[in-house]
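For reference, the structure is listed below as structure tokens.
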Number of protein chains: 2
Amino acid sequence: MAPDKIQQTVDRMARECVGNQLRLANRVVTGIYDRELRPLKLTASQLVILALTAKQGQVRPVELGKTLHMDASTVSRNVERMRARGWLAQVPGDDERSRPFQLTAVGKQILGDASVAWERAQAKTVALVGSEGVALLRSMSKNLMKGLHPD
Amino acid sequence: MAPDKIQQTVDRMARECVGNQLRLANRVVTGIYDRELRPLKLTASQLVILALTAKQGQVRPVELGKTLHMDASTVSRNVERMRARGWLAQVPGDDERSRPFQLTAVGKQILGDASVAWERAQAKTVALVGSEGVALLRSMSKNLMKGLHPD
DNA sequence: ATGCAAAGGTTGTATATACATCCACCAGCG
DNA sequence: CGCTGGTGGATGTATATACAACCTTTGCAT
């Protein structure tokens with residue numbers, strides 16, 4: 001390719017790349033939640049697992065992976081850390097392959113504390129991204145969930 | 001807190017958390033770029049460093065960290081991997097503390113190849129998030145950059 | 001019944017990321 | 001001139017994440 005053509009594309013990459021913008025926003029925003037949750041030794045990534053598990057009562061890694069568009073091995077490893085902290089416990093599943101888990105009593109306790117911290121982080125974030133930002137992110141994440149699930 | 005109050009908050013966390021939505025979108029979209037770039041053994045996170053370095057000619061980790069809202073140590077480590085691949089090289093700085101770097105010839109070559117892959121990923125992503133998504137993410141990332149820089 | 005493909009998980013490996021700590025160097029002040 | 005605080009990096013540690021390879025267990029089709 002011609003050098004100026006490349007230079008032009010480089011400019012566009014630096015200014016227009018949706019992926020970069022998203023990763024930047026993600027770093028900033030996830031940092032807000034993580035700092036609020038730090039005293040609980042909990043992270044934003046873990047909190048969503050806690051919340052969804054509470055909601056469903058009992059879940060398997062592969063289910064959460066589909067919901068969150070996350071590799072199942074990633075979910076399993078996050079669950080493992082939380083299991084080590086005593087927040088989650090495996091329960092017997094009807095299928096010998098699957099390893100469903102649920103909240104422990106301690107896990108429920110933590111979730112209660114976390115919900116307070118979450119409210120603070122959420123408020124800060126909403127203030128930062130504005131109401132159009134909130135609306136767009138909601139519809140975007142809804143679309144992404146639909147559009148990419150092969151099931 | 002009362003159990004139902006918590007339950008209510010849990011629902012909101014699962015459905016309204018801006019951080020979760022952002023992380024979800026980030027996983028999906030970053031995956032699009034990463035898969036396009038994989039044949040080049042390059043990632044989206046590395047590409048932005050390559051592009052900004054090309055644009056500026058010569059940069060220091062701390063500078064990129066400020067631009068990208070990223071910890072300087074993270075930048076340094078990413079740069080280190082790219083240095084190991086022969087894409088970046090350190091240059092002497094006027095200050096004995098700083099370690100500026102620039103593209104190598106190989107780095108420029110890779111950037112040219114990457115710009116083609118990037119166009120494909122960008123097109124796919126734009127199709128996925130829609131034009132309002134693109135517009136909002138641009139303005140959001142601009143705001144985030146402004147609003148949080150103490151300098 | 002058998003044998004094979006699909007499903008669910010685990011483990012190995014690599015990258016990305018933040019925070020805390022520490023070290024080297026520099027700049028300005030007494 | 002010599003501290004002293006601040007800047008820029010490097011390193012240790014922990015989490016999050018994806019992909020590939022592999023192992024069990026199921027479900028099915030012949």
Side-chain angles (χ1 to χ4, degrees), chain A residues 19-20 22-49 59-66 68-85 87 90 92-101 150-151, chain B residues 19-20 22-49 59-66 68-85 87 90 92-101 150-151:
Chain A
N20 288 341
L22 209 40
R23 273 198 308 286
L24 171 63
N26 181 48
R27 281 190 297 271
V28 171
V29 168
T30 294
I32 293 173
Y33 290 86
D34 280 345
R35 275 187 291 277
E36 289 290 345
L37 293 169
R38 183 173 313 275
L40 303 173
K41 296 157 86 83
L42 179 68
T43 65
S45 296
Q46 292 169 0
L47 178 55
V48 70
I49 292 180
V59 281
R60 294 168 301 141
V62 70
E63 281 175 316
L64 284 186
K66 276 172 185 150
L68 298 171
H69 281 271
M70 189 181 286
D71 194 273
S73 70
T74 300
V75 176
S76 290
R77 276 165 167 151
N78 289 349
V79 166
E80 168 57 28
R81 281 183 274 269
M82 297 166 76
R83 221 189 38 71
R85 292 243 158 82
W87 302 335
Q90 283 183 3
D94 35 74
D95 186 323
E96 221 38 58
R97 288 170 297 186
S98 78
R99 305 271 196 282
F101 55 87
D151 348 325
Chain B
N20 288 340
L22 209 40
R23 272 197 310 285
L24 172 65
N26 182 47
R27 281 191 296 272
V28 172
V29 167
T30 294
I32 294 173
Y33 290 86
D34 280 346
R35 275 188 291 279
E36 290 289 345
L37 293 169
R38 184 174 313 275
L40 302 173
K41 296 159 85 86
L42 179 69
T43 65
S45 295
Q46 291 169 0
L47 179 55
V48 70
I49 293 180
V59 281
R60 292 169 304 140
V62 69
E63 280 175 317
L64 283 187
K66 276 173 185 150
L68 299 171
H69 282 272
M70 188 181 288
D71 194 274
S73 70
T74 299
V75 176
S76 290
R77 276 163 165 153
N78 288 350
V79 166
E80 169 56 27
R81 281 184 273 269
M82 298 168 75
R83 220 186 40 68
R85 293 244 156 84
W87 302 335
Q90 283 185 3
D94 35 74
D95 187 322
E96 220 38 58
R97 286 170 297 186
S98 77
R99 304 271 195 280
F101 54 88
D151 348 324

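Because the structure is predicted, anything quoted here is derived from the model rather than measured. Below, chains carry the letters A, B, ... as their sequence lines are ordered, and counting in each starts from 1.
A salt bridge between A/Arg77 and A/Glu80 is absent, with no side-chain N of the basic residue lying under 4.0 Å from a carboxylate O of the acidic one. Remark: B/Lys66 does not engage B/Glu63 in a salt bridge, criterion side-chain N to carboxylate O under 4.0 Å.
Annotation: the span from A/Phe101 atom CZ to A/Leu64 atom CG amounts to 5.0 Å, rounded to 0.5 Å. Here B/Ser76 contributes atom OG and B/Met70 contributes atom CE; the two are 11.5 Å apart, rounded to the nearest 0.5 Å.
For A/Leu24 and C/dA16, the CG to P distance is 16 Å, given to the nearest whole Å. Following rounding to the nearest Å, A/Leu37 (CG) and D/dA16 (P) show an atom-to-atom distance of 11 Å. The nearest whole Å value for the distance from the CG atom in A/Leu64 to the C1' atom in C/dG9 is 14 Å. Distance B/Lys41 NZ to C/dA16 P: 13 Å, rounded to the nearest Å. In this structure, the CZ atom of B/Arg77 is 17 Å from the C1' atom of D/dT17, given to the nearest Å. In this structure, B/Glu96 places its CD atom 12 Å from P of D/dG9, rounding to the nearest Å. When rounded to the nearest whole Å, the span between CD of A/Glu63 and P of C/dG8 equals 9 Å. When the P atom of D/dT15 is taken as reference, atom CG of A/Asp34 falls 12 Å away, rounded to whole Å.
Counting only heavy atoms from C-beta on, B/Thr43 has its side chain closest to C/dT15 among C/dT15, D/dT17, D/dT26. Among D/dT11, D/dG9, C/dT17, the nucleotide with an atom closest to any side-chain atom of B/Arg81 is C/dT17. If you check C/dT17, D/dT15, D/dG8 against the side chain of A/Arg85, the one that comes closest is D/dT15. Minimum atom distance to the side chain of B/Arg60 is reached by D/dG8, of the listed D/dG8, C/dA16, D/dA20. Considering only side-chain atoms of B/Arg99, the nucleotide from D/dG9, C/dG9, C/dA16 that sits closest is D/dG9.
Sequence order on DNA chain C of the closest nucleotides to B/Ala44 and B/Asp95 puts B/Ala44 first from the 5' end. The residue among B/Asp71 and A/Gln46 whose nearest nucleotide of DNA chain D lies closer to the 5′ end is B/Asp71.
For C/dA24, its base never sits under 3.5 Å from the side chain of B/Arg97 at any donor and acceptor pair.
At the phosphate of D/dG9, neither OP1 nor OP2 sits under 4.0 Å from any side-chain N or O atom of B/Ser76.
Residue B/Ser45 is in sugar-phosphate contact alone, with no base atom involved, counting any heavy-atom pair closer than 4.0 Å across all strands shown. If you check every strand for non-hydrogen atoms under 4.0 Å, A/Arg27 touches sugar and phosphate atoms only. At the heavy-atom level, B/Ser73 lies under 4.0 Å from base atoms of the strands shown.
At a cut-off of 3.5 Å, with distance as the only test, a side-chain donor of B/Thr30 or B/Asn26 sits close to an acceptor on the other residue.
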